[in-house]
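Please read these numbers as outputs of a predicted model, since none were measured by experiment.
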Amino acid sequence: MEAEYSPRAIEKKWQQKWAEDKLYRVDNHSPKPKYYSLTMFPYTSCDLHIGHWYNYVPPDVRARFKRMQGYNVLHPMGFDAFGLPAENAAINRGIHPYTWTMKNIENMRRQLESIGTVYDWSREINTCLPEYYHWTQWFFLKLFEHDLAYRGKAPVNWCSGCQTVLANEQVIGEGVCERCGTAVTQRDLEQWFFRITRYADELLQYEDIDWPERIKIMQRNWIGKSLGAEISFALDHPGVEEKEIRVFTTRPDTAFGVTFMVLAPEHSLVAKLTLPDKKTEVEAYVERSRRQTDIERLSTEKEKDGVFTGAFVTNKLNGEKVPVWIADYVLLSYGTGAVMAVPAHDERDFAFATKYDIPIRVVIASPEWQGGELDEAYIEPGTMVNSGQFNRLSSQEGAKAVSDFLAEKDYGGHAVTYRIRDWIISRQRYWGAPIPMIYCEKCGIVPVPEADLPVLLPEDADFGLTGESPLKRNEDFLRTTCPECQGAAKRETDTIDSFLDNSWYYFRYCSPHYDKAAFDPREVKNWMPVDIYTGGAEHAVGHLMYARFFTKAIRDMGLIDFGEPFKRLFNQGIIIKDHQKMSKSRGNVVAPDDLVSSLGADTLRAYLMFLGPWEQGGDWSDSGISGISRWLVRVWKLALEPYRVKGKTGEQAHTDLQRTTHQTIRKVTDDLEKLRFNTMISALMEFTNYLTGVKETGRVSDSAWKGALKTLLLMLAPTAPHFAEELWQKTEQEYSIHNQDWPVWDEEIAKDEEITLVIQVNGKLRDRITVQASITEDEALWLAEESHKVEGYLKGKDIIKKVYIQGKLVNLVVR
RNA sequence: GCCGGGGUGGCGGAAUUGGCAGACGCAACGGACUUAAAAUCCGUCGGAGCAAUCCUUGUGGGUUCGAGUCCCACCCCCGGCACCA
């Protein structure tokens, strides 16, 4: 009797052997076709939980499958190591972020190794090491050189919890910090920006990539392209230089219905326009909106309010004077920060006008409109009325006609506006790559020369949260000399948003230790773009959009010749427990280390893939995993307990075995291609059950049996790498199973000889008969009508129609 | 409110193009083995009914010879966005 299946013993053994043999070393110069399989690298936190495994195991299985299929597979792993959480955790524990991060990485690497992943660890990257962030800084300089990085003052998102500025993409839900949940407020600050808006239009193009519809929609919404018109309103105000205020509208067809204008409270003209007797009220309103958090300010429940400035502008289209108000429902950051208010055709304007008793004039007639007053805003398209020469045009025609007219008269014209804002990358925190810029009194903003990179992050820092970078308090760091005039100068002390680190890591994997540049262009040409990228959907408008922007930006610098980094994107679901998200506070976290030591990595790998469709996630069940354990033990016995031919071997048993084997190869291969891991496991289980029956009856030759068993082990290898390797060795096959070819199927052999013909009467199942797959329509119909079970349903009725579906069914329609 | 995804046995989930609903597994129940239990093996397992048979994929309609699958209306759950002029 062979040894029992003991995962603990075999897993360690093989992991060591594979590492010694450098089995997973990726060769850059292989003649095989390349396949770049990328999984979003983890943020360095304390521990990997079962959710991480759910992210890493299925791609690992697929990468192993692709290797066996003959591809040269790059399936690397690394760590996203800079950023606020590490710094916060380090502060809380009173240790240095570096120490904390490196300790975590060590643990995470150990955990990732323990699950039997195929990563080539010689390619590991770590974003917080100088050999990496040297090039993050270099890219910053390149973006600056190409006018894609600039310093500017703008109202920015401020998180008082993290004491730093956040990018728009890091503000989530109703305006809270994605890291700490604190309500975000606005501050006017000088910051570094990346000009992602320059790529807004190109980012809307998805023709060349295979991405989930959902992610594309989220990005489209985030970019928020709106077509409309910009319209100039004449301003003639004592003591004010500006002679116009421009607004953006998506409804130029309503321009004759403007009865007031609203400026954002922060608009630069507010102070200049406000009449002396309105000053107190206006200033109080501006002050109040400045202090509100975005949650308060943007709450849709809040009643719209505002203040009249006392000023008027003239609508150039009809010569009417309309009052200028300020209100916080108008955002400075969108359009021109000013809107023309058309209360008859906009809900917000309607509410506002009703509240302050401002006239409401209908300029778009609905088909039902009789000329009376409106009870609510009519926002649908209609026919233009009260609009001078544009009357009787439809909204659509009118919008174009009005815009054309505006352009002709130089009153404005067609315009496009985006919701997306430039990417703020300054962080007033320690744990990040220093922004490689120098401020010189004489020369102004001077980039650090490339030769001086990296600008090292000093080890000693005082992490107290003050709202300013801790680097500012480090004199050795702060004081420097100007690269241009050699005079005394100061360094930029803010650090780079870690989203830049992870916007280019997949380029680094191609040549992870290259020290002459961020990447070796030949290796990038060899490996990029990524063939499949897998990870969580939460990165839809953050990381995934930044990475696309980054790739397009460096393409335009001539560094690469493609604009999309990830050909195919796939988002896995999340794994839950007892219908709830796993979290420490709920106490329902499944700890993988314990499961590995009790059940084994292979069992856990197979179970994670079995519990549900990968894109949907699934419900973790402690008892469910025992089904996988039992299955693997059954396979173990099937392979190791001797096979005995019983009686005469039969031709039929042999063809059956061949057919089932080839059908299983087809199913498993297809499921792996389509990332349908749960049904792949089912198919392997069915095949196991089938082989158990074959073994019991013993009607196939010893060699046929061995062949089928070998195929089963090969198909198991990606899922259960240690288990399959052990059985491969025990059945005296050549090491290593992971270097074998993936089995292929023959469509002819996989073909069914016999089929079950379904007989229906009026669409209801009445009989099934087993027939040759080659049956003709006439034979099938004849058999159906002759069926004993069907007889009763046909008695006394006329068959008015006979439906025959090749190889499937007969439906007799009777009356 | 808008945009995605989803709703199938006690549970997780299967079901190419509209063609045998419930694969595979868990749990449960019955049996074998055992002094006993665990493990293992064999069997049953959507509901009603003694049975023939009938009912059954969130609800209600529709198209079709035939609907889990397509169309219309609605309900519920999950995720995202939400004053964007």
For this session: Using a cut-off of strictly less than 4.0 Å, decide whether A:Ser226 has a side-chain nitrogen or oxygen near OP1 or OP2 of B:A85.
Result: yes
Problem set entry | Exercise: do A:Tyr329 and A:Asp305 side chains pair donor with acceptor under 3.5 Å | no
Exercise. Please give, in whole Å, the distance from B:G19 C1' to A:Lys808 NZ?
Worked result: 7 Å
Donor-acceptor pairs under 3.5 angstrom involving side-chain atoms of residues 539-546 of chain A: please list them, not counting sequence neighbours.
{"unit_1": "A:His543", "atom_1": "ND1", "unit_2": "A:Asn502", "atom_2": "O", "d": "3.4"}
{"unit_1": "A:His543", "atom_1": "ND1", "unit_2": "A:Asn502", "atom_2": "OD1", "d": "3.3"}
{"unit_1": "A:His543", "atom_1": "NE2", "unit_2": "A:Tyr533", "atom_2": "OH", "d": "2.7"}
{"unit_1": "A:Tyr546", "atom_1": "OH", "unit_2": "A:Glu169", "atom_2": "OE1", "d": "2.6"}

Exercise. Whole-Å distance between B:U16 C1' and A:Arg666 CZ?
Worked result: 11 Å
Exercise. For A:Thr697 and A:Lys646, does a side-chain donor sit closer than 3.5 Å to a side-chain acceptor?
Worked result: no
Problem set entry | Pairing residues for A:Lys808 by the salt bridge (charged side-chain N to carboxylate O under 4.0 Å, His left out) criterion, not counting sequence neighbours | none
Problem set entry | Considering all heavy atoms, the nearest A:Thr603-A:Ile628 contact | O-CG2, 3.5 Å
For this session: Name all residues meeting the salt bridge (charged side-chain N to carboxylate O under 4.0 Å, His left out) criterion together with A:Glu615; count only those two or more places apart in sequence or in a different chain, and write none if there are none.
Result: none
For this session: Calculate the interatomic distance between A:Glu4 atom CD and B:U40 atom P; express it in whole Å.
Result: 11 Å
For this session: For A:Thr688 and A:Trp631, test the side chains for any donor-to-acceptor distance below 3.5 angstrom and give the result as yes or no.
Result: yes
For this session: Check every strand shown and say whether A:Ile805 touches a base, only sugar-phosphate, or nothing at a heavy-atom separation below 4.0 Å.
Result: base
Problem set entry | Most 5' of A:Arg348 and A:Tyr607 on RNA chain B, judged by nearest nucleotide | A:Tyr607
For this session: State whether A:Lys304 and A:Asp349 are salt-bridged, where the test is any N-O pair (Lys NZ or Arg NE/NH1/NH2 against Asp/Glu carboxylate O) under 4.0 Å.
Result: no
For this session: Only counting residues at least two apart or in another chain, list the ones meeting salt bridge (charged side-chain N to carboxylate O under 4.0 Å, His left out) with A:Arg666.
Result: A:Glu747
Can you name the atoms? Protein N/O to nucleotides 78-81 of chain B N/O, anything below 3.5 Å, with the distance.
none

For this session: Round to a whole Å and report the spacing from CD1 of A:Ile576 to C1' of B:G6.
Result: 12 Å
Exercise. Taking the six-membered ring for Trp, are A:Phe723 and A:Trp636 parallel (under 30°), tilted (30 to 60°) or perpendicular (over 60°)?
Worked result: tilted
Seminar exercise, completed: Syn within 90° of 0, anti beyond: B:G10 is anti
Exercise. How would you list, by chain and number, every residue that makes a salt bridge (charged side-chain N to carboxylate O under 4.0 Å, His left out) with A:Glu785, sequence neighbours excluded?
Worked result: A:Lys802
Exercise. What is the distance from NZ of A:Lys789 to P of B:C20, rounded to the nearest Å?
Worked result: 17 Å
For this session: Calculate the interatomic distance between A:Phe677 atom CZ and B:G12 atom C1'; express it in whole Å.
Result: 18 Å
Exercise. What distance, rounded to whole Å, do you find between the two C1' atoms, one in B:U69 and one in B:G7?
Worked result: 14 Å
Exercise. Which part of the nucleic acid, if any, lies within contact of A:Pro212, taking any heavy atom under 4.0 Å across all strands shown: a base, the sugar-phosphate backbone alone, or nothing?
Worked result: nothing
Exercise. For A:Met680 and B:A14, what is the distance between atoms CE and P respectively, to the nearest whole Å?
Worked result: 14 Å
Only distances under 3.5 Å count here; give the side-chain donor-acceptor pairs of residues 751-759 of chain A to other protein atoms, sequence neighbours excluded, each with its distance to 0.1 Å.
{"unit_1": "A:Lys751", "atom_1": "NZ", "unit_2": "A:Glu748", "atom_2": "OE2", "d": "3.3"}
{"unit_1": "A:Asp752", "atom_1": "OD1", "unit_2": "A:Gln663", "atom_2": "NE2", "d": "3.2"}

Problem set entry | Inter-nucleotide C1' distance (B:G68, B:U17), Å rounded | 15 Å
Exercise. Just how far, in rounded Å, is C1' of B:C83 from CZ of A:Phe248?
Worked result: 16 Å
I'd like a list of close polar pairs between nucleotides 30-33 of chain B and the protein, N/O only, cut-off under 3.5 Å.
none

For this session: Name the nucleic acid region contacted by A:Val813, choosing base, sugar-phosphate or nothing; use a 4.0 angstrom heavy-atom cut-off, strictly under.
Result: sugar-phosphate
Problem set entry | Lys/Arg cation over aromatic A:Trp53: A:Arg605, 6.0 Å, 45° cone | no
Exercise. How would nucleotides 21-26 of chain B be written as a contact map, 5' to 3', with B for base contact, S for sugar-phosphate-only contact and - for no contact, using protein heavy atoms under 4.0 Å?
Worked result: --BBSS
For this session: Find which nucleotide of RNA chain B each of A:Leu611 and A:Glu213 is nearest to by heavy atoms, and output the residue with the more 5' nucleotide.
Result: A:Glu213
Exercise. In which ranges does RNA chain B form stems of 3 or more consecutive Watson-Crick or G-U pairs, distances under 3.5 Å?
Worked result: B:1-7 with B:75-81, B:10-12 with B:24-26, B:28-32 with B:40-44, B:46-48 with B:53-55, B:58-62 with B:70-74
Exercise. Can the positive tip of A:Arg419 be found less than 6.0 Å from the middle of the six-membered ring of A:Trp222, inside 45° of the ring normal?
Worked result: yes
Problem set entry | Lys/Arg N to Asp/Glu carboxylate O, A:Asp201 vs A:Lys225, below 4.0 Å | yes
For this session: In plain terms, say whether A:Asp656 and A:Arg659 are close enough for a salt bridge, that is, a side-chain N and a carboxylate O under 4.0 Å apart.
Result: yes
Polar atom pairs (N or O), protein with nucleotides 43-54 of chain B, under 3.5 Å:
{"unit_1": "B:C54", "atom_1": "OP2", "unit_2": "A:Arg766", "atom_2": "NH1", "d": "3.4"}

Problem set entry | salt bridge (charged side-chain N to carboxylate O under 4.0 Å, His left out): pairs with one or both residues in residues 758-768 of chain A, sequence neighbours excluded | A:Asp767-A:Lys789
